[in-house]
Amino acid sequence: MKKVEVIYTPALLPLYDLKDKTVVVIDILRATSTMCVAFNTGVNKILPIASPEECLIFKDFDFIISAERNAVKVPGFDMGNSPFEYENPFLAGKNIAFTTTNGTKAIKMAKAMFPHRILIGSFLNISALAERIITLDKEVVLLCSGWKDKYNIEDTVFAGAVIHKLLEVYEMADDASFSAHSLFRQYQDNLEDLVRLSSHAKRFTSLNVQTDDVAFCLQQDIYNFVPELEGEFIVK
Ligand code: MLT
């Protein structure tokens with residue numbers, strides 16, 4: 001059987017080989033969830049960018065520029081990283097230059113390691129993601145974006161949820177994947193209780209974020225598509 005691995009944060013990437021593997025980038029709160037919402041709204045393509053400074057350049061090239069740092073929108077940019085912002089029909093047909101604290105960095109780092117493909121994973125499209133992984137029939141790496149290179153709960157439990165959907169076709173490669181799956185099995189019936197205990201959910205509360213991004217990002221299977229990286233851009 002082919003193997004599925006889990007990488008808890010991008011800082012661990014040098015310990016792994018991504019060559020010719022299907023890599024799923026995971027940032028449940030909120031980058032990969034938000035990207036799925038954007039494509040459902042009709043966004044044309046998303047350019048993941050490492051820094052706000054670089055992202056700002058694209059304002060002059062007919063891009064919507066989106067930047068989040070430390071869970072809040074960076075001043076001077078069009079949009080932040082709440083999924084609710086990306087339900088705006090004005091975005092249909094637009095191109096977005098996008099930089100977030102963790103998610104877009106993980107995508108850029110994975111891209112440099114010769115993966116077969118990079119897929120965008122979230123609870124919102126989890127079943128379509130599992131089907132796509134099985135169809136591609138490659139070894140799989142589930143790359144958690146974490147928080148500033150530290151472990152986080154929400155990305156890890158999602159990785160466990162994906163593994164749960166793959167187990168008839170894939171086997172867990174290592175302790176990281178086994179632990180992620182165990183976390184999911186323990187909390188699969190009350191994911192929201194678990195994720196609300198996460199440091200990032202608490203960060204939203206302390207920042208008095210006006211929308212319930214946690215509840216939104218934990219909805220399962222509201223989209224049946226899997227965004228993926230084509231060249232420099234993420235497309236639907
Ligand atoms: C990120 O995308 O880096 C993080 O999820 C930050 C956020 O959106 O709050």
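Counting starts at 1 for both ligands and their atoms, following the listed order. The basis for the numbers below is simple: all heavy atoms, side chains too, and nothing from hydrogens, waters or symmetry mates. Everything quoted here is computed from the prediction, not taken from an experiment.
Among protein heavy atoms, atom 2 (O) of ligand 1 sits closest to Asp27 OD2, 2.7 Å. Protein heavy atom closest to atom 8 (O) of ligand 1, with residue, atom name and distance, is Asn81 ND2, 2.5 Å. From the protein, the heavy atom lying nearest to atom 3 (O) of ligand 1 is Asn102 N, 2.4 Å. Here the heavy atom of the protein found nearest to atom 4 (C) of ligand 1 is Leu29 O, 3.4 Å.
No donor-acceptor contact under 3.5 angstrom links the side chains of Thr100 and Asn81, judged on distance only. Arg196 and Thr205 form no side-chain donor-acceptor contact under 3.5 Å, judged by distance and modelled atom types alone.
Close approach of ligand 1 to Ala71 (heavy-atom distance below 4.0 Å) involves ligand atoms 9 (O). Under a 4.0 Å criterion applied to the non-hydrogen atoms of Gly103, ligand 1 contributes the atoms 1 (C), 2 (O), 3 (O). Close approach to Phe204 involves these atoms of ligand 1, each under 4.0 Å from a residue heavy atom: 9 (O). Residue Thr100 approaches ligand 1 through these ligand atoms, each under 4.0 Å from one of its heavy atoms: 1 (C), 2 (O), 3 (O). Atoms of ligand 1 found under 4.0 Å from any heavy atom of Thr101 (numbered from 1 in listed order, with element): 1 (C), 3 (O).
Using cut-offs of 30° and 60° for the angle between ring planes, the His200 and Trp147 rings count as tilted. The aromatic rings of Tyr151 and Tyr8 lie perpendicular to each other, with more than 60° between the two planes, well past the 30° mark.
Considering both main-chain and side-chain atoms, Trp147 never comes within under 3.5 Å of ligand 1 through any nitrogen or oxygen pair.
Contacts between Glu68 and ligand 1, counted as non-hydrogen atom pairs separated by less than 4.0 Å, involve the side chain only. Only the side chain of His200 comes within 4.0 Å of ligand 1, counting heavy atoms alone; its backbone N, CA, C and O stay farther away.
Atom CZ of Phe114 sits in a sparse spot, with 12 or fewer heavy atoms from other residues, nucleotides or ligands closer than 6.0 Å. The neighbour count for Asn70 CG, taken as heavy atoms of other residues, nucleotides or ligands under 6.0 Å away, is above 12.
Not a single donor-acceptor pair under 3.5 Å links the side chain of Thr41 to the backbone N or O of Val43.
Between Phe225 and Tyr223, a ring centre-to-centre spacing shorter than 6.0 Å is recorded.
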